[in-house]
Amino acid sequence: MNHSLLLLRPSEQAHELAKMLQQRASKLNLKFSCINKSMVKISSFDDPNHSLRGILQQKWDAAMMVSVNAANYFAQQARAWAPGCAMPAARWYAVGPTSAAAIARVVGRPVCCPWRQHNSDALLALPELSQVRGQRWLLVRGHGGRELVADTLRARGAEVAYLEVYQRTPEPLSEAEYATWQQQINGIVVTSAEQLGYFLAAVPKQALSWLSQCYWIVASERLKQLLPPALQQMAVVAHSATPFAIVDAWQHILDQQHVKKERS
C-alpha cells in the first residue's frame, strides 16, 4: 500500500515532520509520499490597542506566546519598532516544546511548558498557573485568538493583557490541488483549528466521501471533536503538534492496519 499524507501545516513547520515521516517509512520499507499545504496565510498585525514599546517597558509577572508564529512576529516587530528594548523579565510559558524553543530564542530566558500533553488544558494544569491571584500576565497571540487561557487566568485572579502580533487569512484551494489530493491522499495531518476550519470550508461538499476514506492524525481531542462525525472514527489523537508525537501516532495507525491485514 502506498501511504500518501496531506500535511495541513505552514511550510516552515512541515519540513521537519515530512523528513521524520520519510525516515520512519524507509525503516518500514513503505512506499511513502507527502504533500504540504497551509490553508492559512499568516501576516504581521499591528495591534491598535497596545504599543509594543509600551508593553516591553511594563513589568509583568508572567508571559506566554501561544505559538511559533507569535514568537516570530513578536521578534520581527521588536527589531523594527522597539530596538534596544529589553524583553520583559517575566516567567515565560508555552504550550509545547517547539514553541518554547522559539520563544526562548526571542526572549533569552527559560520557557516552561507541559511535558506530557501539549495543549492549553495541559498548560493551565501546571501547578504554578493555579496560584496567579494578583499577578500581571501578558499573552502574545494572533488577532482574534482563543480566549480559554486568558479567561481561566482571569477567573483565577490574574490581570491579563493581550498583544496581538499576527493575523490569519484563508489561503485559496484550486480545483487542480483538490483533484490531485483526491487521487493520491489517504491520510491527513492537521494540528490547528484554523487549518482544519479553512480546509473543510474550501473542499467541495462531495469531498466527504473521499475524506471519510482517509485516516486522520490530529493534535488534540478538541481538534477531533471539530471534525464532522463521519470522520471522527477515522481520527487518531497525537496529543501534541510536535513531529515526534505525530510520527508516533502514524506508527499506531500502521500497526493497526498491519493487525487488520493479518486477521483478514
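Being a predicted model, the structure only gives us computed values, none of them experimental.
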Original post:
Would you say Glu159's side chain and Arg136's backbone share a donor-acceptor pair under 3.5 angstrom?
Top reply: no
Original post:
Is the backbone of Ser174 close enough, under 3.5 Å, to the side chain of Glu177 for a donor and an acceptor to pair up by distance?
Top reply: yes
Original post:
Any donor-acceptor pair under 3.5 Å linking the side chain of Trp216 with the backbone of Leu211?
Top reply: yes
Original post:
Can Asp248 and Arg24 be said to form a side-chain contact (heavy atoms from CB on, under 4.5 Å), step by step?
Top reply: CA-CA 10 Å; Asp248 285 346; Arg24 183 65 60 90; 3.9 Å; yes
Original post:
Gln135 side chain to Gln131 main-chain N or O, any donor-acceptor pair under 3.5 Å?
Top reply: yes
**OP:** Carefully, step by step, assess Leu231 and Lys224 under the rule side-chain contact (heavy atoms from CB on, under 4.5 Å).
**Re:** CA-CA 9 Å; Leu231 306 182; Lys224 181 179 178 179; over 6 Å; no
**OP:** Might you confirm whether atom CD of Glu221 has over 12 heavy atoms from other residues, nucleotides or ligands at distances under 6.0 Å?
**Re:** yes
Original post:
Does a salt bridge link Glu147 with Arg141, judged by any charged N lying under 4.0 Å from a carboxylate O?
Top reply: yes
**OP:** Decide, yes or no, whether a salt bridge links Lys41 with Glu171 under the criterion of side-chain N to carboxylate O below 4.0 Å.
**Re:** no
Original post:
Between the side chain of Gln77 and the main-chain N/O of Phe45, is any donor-acceptor distance below 3.5 Å?
Top reply: yes
**OP:** Measure from NZ or CZ of Arg154 to the centre of the six-membered ring of Tyr162, then state whether that distance is under 6.0 Å and the direction lies within 45° of the axis.
**Re:** yes
Original post:
Asn36 side chain to Ala14 main-chain N or O, any donor-acceptor pair under 3.5 Å?
Top reply: no
Original post:
Would you find a donor on one side and an acceptor on the other, under 3.5 Å apart, between the side chain of Asn186 and the backbone of Cys214?
Top reply: no
Original post:
Regarding Ser67 and Tyr166, is there a side-chain donor-to-acceptor distance under 3.5 Å anywhere?
Top reply: yes
Original post:
Would Ser4 and Ser33 count as having a side-chain donor-acceptor pair, cut-off 3.5 Å?
Top reply: yes
